[in-house]
Amino acid sequence: MIELEPVIGLEIHVQLATRTKMFCGCEPVFGEDPNTRTCPVCLGLPGALPVINERAVDFGLRLGLALGCELADRSIFHRKNYFYADLPKGYQISQFDEPLCSGGFLDGVRIHRVHLEEDAAKLVHSSASGRIQGADSSVVDFNRGGTPLAEIVTEPDIGSAAQAREWLSLLRTTVKSLGISDVSMEEGSLRCDANISLRPVGETTLGTKTELKNMNSFRFVEKGIEAEIERQRELIQSGGTVVQETLHFDPRSGSLTALRSKEEAHDYRYFPEPDLLPVAVGPEMIKAAQDSLPELPAARASRYEDDFGLTAELAQRLAFNGDLGDLFEATAAIRGAGSDAKLVATWVNGEVSSRVEEGSDQTVEPEALAELLGLLEDDKITTAAARGILDTVIEQGGSPAALVESQGLEKVGGGDELSAAVDAAIASDPEAAAKVAAGEQKALGPLVGLVMKATQGRADGGEVRALIISKLAGS
Amino acid sequence: MIDRSEVLHIAKLARLSISDEEVDVLAAELSGILDHVEMISKLDLAGVEPSAHSVAQTGWLRPDVPHESLSREKALDQAPATNGEGFEVPPPGSGS
Amino acid sequence: MSTDITKLSVTETVAAVAAGDISKANLHATWLDRARLDDLNALSWVADRVKLGGEDGPLGGVPLGVKDLFCTEGVPSQSGSKILEGYLPPYTATVVEALTEAGAPLIAKTHQDEFAMGSSNENCAFGPVLNPWDRGRVPGGSSGGSAAAVAAGLVPWALGTDTGGSIRQPAALCGVVGLKPTYGSVSRYGMIAFASSLDQAGPITRTVADAGLLYSQMTGKDPRDATSVEHPDSVEPVVPMDLTGVRLGVPEELTGEGVEPGVREAFEATLDLARSLGATVAPCPLPHAPHALSAYYLIAPAECSSNLARLDGVRFGLRVDPDEGLDGMYGATRAAGFGREVRRRIMLGTYALSSGYYDAYYGRAQRVRTLISQDFDTAFEDFDAIVTPTSPSVAFELGSKTADPLSMYLSDFCTVPMSLAGIPAISIPNGLSDGLPVGFQIAGPAFSENRILGIAAALEDGLKFDGSPAWIA
Ligand SMILES: [Zn+2]
């Protein structure tokens, strides 16, 4: 059987956090009452005209610079013509053959282009099933319509679903650090579509691709792409051919459904937007964008290596996921110079990242994490207890020290409590005790387990083992 | 020349319902106009840049400063169908 | 005062108001009475009373007729279309607002060809406008209502819009003055668009001085129109220019074949007048001008096919819903709401932009446009202005060209090149041919409005055109 490799390209829409919309002065506010943030321009009323938001262009330039793109000195907006209820003018103002930024590179993936456009409005389908097909009528809310978007298109340089997720996470971090978007997948200010095809390993020509639309979390990006890769693999290996189509991934069922068939191929009739003149990107605009650039993730990673002595891999893991990087830096700062930054890094990368979904608000505050790691480092609590406390703090907040106090989670060590627990364990499993006494190390496990259970994880495993051995050796 | 199938395709793109008789009339009229405008195909346009505009060649940008939006009542005032909060449209999925 | 104030030019009226000889109340009442005499179907709406505002502005309170396609808050703005019948916009066009502020309040809206597509006003969904010189004939288009209303003395002055000749041609056919300004010098915000890269608002008046006066209050960069620019000159009150040494170019391409003999005679006579006033007149090549009409009839429909996509039955205007889903509603609404000519141009424009044809049609047309602009640039190195007849014919009979869209399109032959180049051009009354008005067109480089108004005023003085036969008694 031929070995197939996936080839993935991403198209990412980032809602820009300008104050006003792309082409009018309306202020989009998330969650506002429907149709209270509109004007003749964003309602597409007869006679209204678009005017380009300066800050949106600035944000686009910042993004281009951060992604190493070439910035156009003259950029043109085009009309993309099609009819849909969420599109008031019958065309979307977007960019076509002269985008703001082109070329570029981010962590092994080439950027094809970055361009600016306006967002569609929101179409609410009022039917019991919530599906478009069965709806009786639909209602349009134009509040979101016209919000500036930057569309980032990559070359097909991504080789796996996991890489797509990681890369998207790096992109999110990069955009967030630029301060140009909230980049929340949940609220839709970061949206990702993927173009996926398979080809025999060693081939260079691309196979027929499908487009996977609007996966609204990092996890779904990975699961959706994974599912589509598998679908295509099975199809090809059973002798079928992939059809070019747009698919929707349902995260609940894990199924993929086709959105549009190809015979309804669009003819967008792009032409230069006659209501707008070309944008001249002058040196002042580029300089302003350059001056506003923050430390980018790659620079941040090498700083972590230099300043904190982290390994390259760990430094990158934290720096490329901005939330983790921020938490790491803040926690390390609270703990102060001289403390063990590697412990913080390991905990943030391991224990915290496995518990917190990227971009989620339910996370641990740096103060709490610093306190927790302080308790651990001072040997006040065991690692097992620390994990439990982290769970509680992420779920409910609160101070780790107070939790240790109120729930009696302090490490049991040396004293009578541990000795009594060991005695109880030996007494309750004489068989295992006999084996240990006979030198069979494997039999230690059940005894240690009993002690840990009795002390609710507050005892140190090594200490328990040593104590058991010494007690049994003496018997 | 534009034939019937092209007329139907364009009418669909432009969202214009047209009657069967109108298809033939439009095919003839559009073909006549295109025959006339066809004369520009004889011009040598090598090296000539297209002009989307005549006078100003680059534009200016708008400061990111909010204006007052319309009230919802005003926004919905002229709409053929609303539910009081938004613009009602027929379901996108059904029909042809 | 015993003078009939409606017989004064606006410039004279403004002076009389300033001198206290005419009260504003009298001015408004008199003109409301005039507007109510409309039996030409020129007006689509007449105010109950003229609202005051901007009293002390330079336009003296002289009320203004405004083409239907300008959005006026709470006042029907239908662009001559059934799809916008009774549409009441929530805002007012920048230029109408500016003129109100400057002392020219709205008195009436005027009928037009649907979405400004037409040269005869027969494409108006609310019936054709009649030419006051001969009610069996068209007033020209698309600003035919404005031109007829000014010619018949229903309004003192009016706003029109010009995309390929829509101010100049009806002005010529109705015997009034029409100025199409430099593209970008007047805001398009609130003008219901036909072809965005060509549309431009301008004055339709009885005298050249009035046109200059109205235009002087229309120009300026509008923060709501990204294609608008500040006029580099201030627009001065019009004084007839001394034509001594003024070089007038006559492009053979626009003055030869296709121009009616009577129109040509009137044109030649005015060239003689210009010579007698000291101007030099010489042939001036515009080699690509014969291709202008072809380029125009690709560019304008392409832009309109997209501009009119917003007429979709969702947020305003007509909706026809045959219960066949969203696309069914779109198709039925647009089929019922748009007239034949509009549907034809939407189809043509959609075709010109569609996949596989863009380069051959729209792309080529945009390149031809470049060549036409270059022709004018070259011509203005040797000439101060270019002159042509405004329309190759006088007003034609109602119904005589409706069956053949191409013959109608040819009416724009002399006016379209300037539109593509974005340069200003003015049409002034140039006598009569068989009792019907003829127009004389003067075009200059971008932003040369002061110059072409001055030349026009000098010729106007010499021509002494009498527009009174069109006046509704
Ligand atoms: Zn708006």
Side-chain angles (χ1 to χ4, degrees), chain A residues 18-20 23-27 33-40 42-43 45 51-58 74 76 81-86 88 90 121-127 131-143 266-267 269 271-274 276-280 285, chain B residues 2-3 5-18 30 34 37 40 45 48-96:
Chain A
T18 52
R19 184 138 185 231
T20 67
F23 297 112
C24 68
C26 291
E27 262 185 294
D33 284 345
N35 292 303
T36 53
R37 300 282 172 165
T38 72
C39 72
C42 58
L43 281 178
L45 297 189
V51 185
I52 301 166
N53 185 336
E54 186 176 51
R55 199 185 312 262
V57 175
D58 176 46
R74 194 184 92 126
I76 293 184
N81 294 282
Y82 65 98
F83 284 85
Y84 199 60
D86 63 9
K122 210 168 83 189
L123 191 56
V124 186
H125 306 289
S126 54
S127 78
R131 290 181 58 230
I132 299 179
Q133 212 62 38
D136 295 313
S137 82
S138 306
V139 173
V140 198
D141 169 13
F142 288 96
N143 280 355
H266 284 82
D267 182 348
R269 288 160 284 139
F271 75 104
E273 163 60 289
L276 295 172
L277 294 164
V279 180
M285 288 171 77
Chain B
I2 296 193
D3 60 24
S5 71
E6 279 180 300
V7 169
L8 287 168
H9 173 66
I10 299 161
K12 193 173 176 198
L13 278 180
R15 296 297 187 278
L16 284 172
S17 303
I18 50 176
L30 296 179
L34 287 171
V37 301
I40 63 168
L45 298 174
V48 180
E49 285 293 314
S51 300
H53 289 94
S54 45
V55 181
Q57 292 308 317
T58 53
W60 40 269
L61 306 173
R62 170 180 68 83
D64 187 23
V65 176
H67 66 196
E68 203 179 317
S69 292
L70 294 172
S71 69
R72 180 152 75 197
E73 293 64 39
K74 224 168 176 184
L76 298 179
D77 181 56
Q78 296 287 300
T82 78
N83 69 350
E85 294 198 332
F87 301 86
E88 277 187 340
V89 292
S94 67
S96 49

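Naming: A, B, ... by sequence-line order, numbering from 1 per chain. Excluded from the calculations below are hydrogen atoms, water molecules and symmetry mates; all remaining heavy atoms, backbone and side chain alike, are included.
Put simply, of A/D141, A/V140, A/N81, A/T36, the one with the most heavy-atom pairs under 4.5 Å next to chain B is A/V140. Contact tally against chain A (heavy-atom pairs below 4.5 Å) for B/E85, B/E68, B/Q57: the top residue is B/E85. Annotation: maximal heavy-atom pairing with chain B below 4.5 Å, among A/V51, A/T18, A/T20, occurs at A/T20. The greatest number of non-hydrogen atom pairs below 4.5 Å with chain A, out of B/V65, B/D64, B/T58, B/L61, is found for B/D64.
Side chains of B/S69 and A/E27 form no contact here, defined as non-hydrogen atoms less than 4.5 Å apart. B/P92 is listed as a side-chain neighbour of A/L123, based on a closest heavy-atom distance under 4.5 Å. In this structure, the side chains of A/S138 and B/V89 come closer than 4.5 Å at one or more pairs of heavy atoms.
A distance of 13.5 Å separates CZ in B/F87 from CG in A/D86, rounded to the nearest 0.5 Å. Rounding to the nearest 0.5 Å places CG of B/L70 at 12.5 Å from CZ of A/F142.
Of the atoms belonging to B/A14, it is backbone heavy atoms, and not side-chain ones, that fall under 4.5 Å from chain A. If you measure heavy-atom distances from A/D33 to chain B, the contacts under 4.5 Å come from both the backbone and the side chain. Of the two parts of B/A52, only the side chain, counted from C-beta on, holds a non-hydrogen atom closer than 4.5 Å to a non-hydrogen atom of chain A. Both the backbone and the side chain of A/P34 come within less than 4.5 Å of a heavy atom of chain B. Contact annotation for A/C24: both backbone and side-chain heavy atoms come within less than 4.5 Å of a heavy atom of chain B.
Considering every non-hydrogen atom in both A/V139 and B/G86, the closest pair reads CG1-CA, 3.5 Å. Residues B/L13 and A/F83 approach most closely at O-CE1, 3.6 Å, considering heavy atoms.
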Discussion item. Does A/V279 form a side chain to side chain contact (heavy atoms under 4.5 Å, CB included) with B/W60? I'd like the steps, not just the answer.
Written reply: CA-CA 7 Å; A/V279 180; B/W60 40 269; over 6 Å; no

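With hydrogens and angles ignored, the 3.5 Å screen pairs no side-chain donor or acceptor of A/N35 with any backbone N or O of B/R72. Side-chain N or O atoms of B/H53 include one that pairs as donor or acceptor with a backbone N or O of A/P274 at under 3.5 Å. Judged by distance alone, the side chain of B/H67 and the main-chain N or O of A/C26 form a donor-acceptor pair under 3.5 Å.
Checking A/N53, A/V57, A/I52 one by one against B/R62, the side chain to side chain contact (heavy atoms under 4.5 Å, CB included) holds for a single residue, A/N53.
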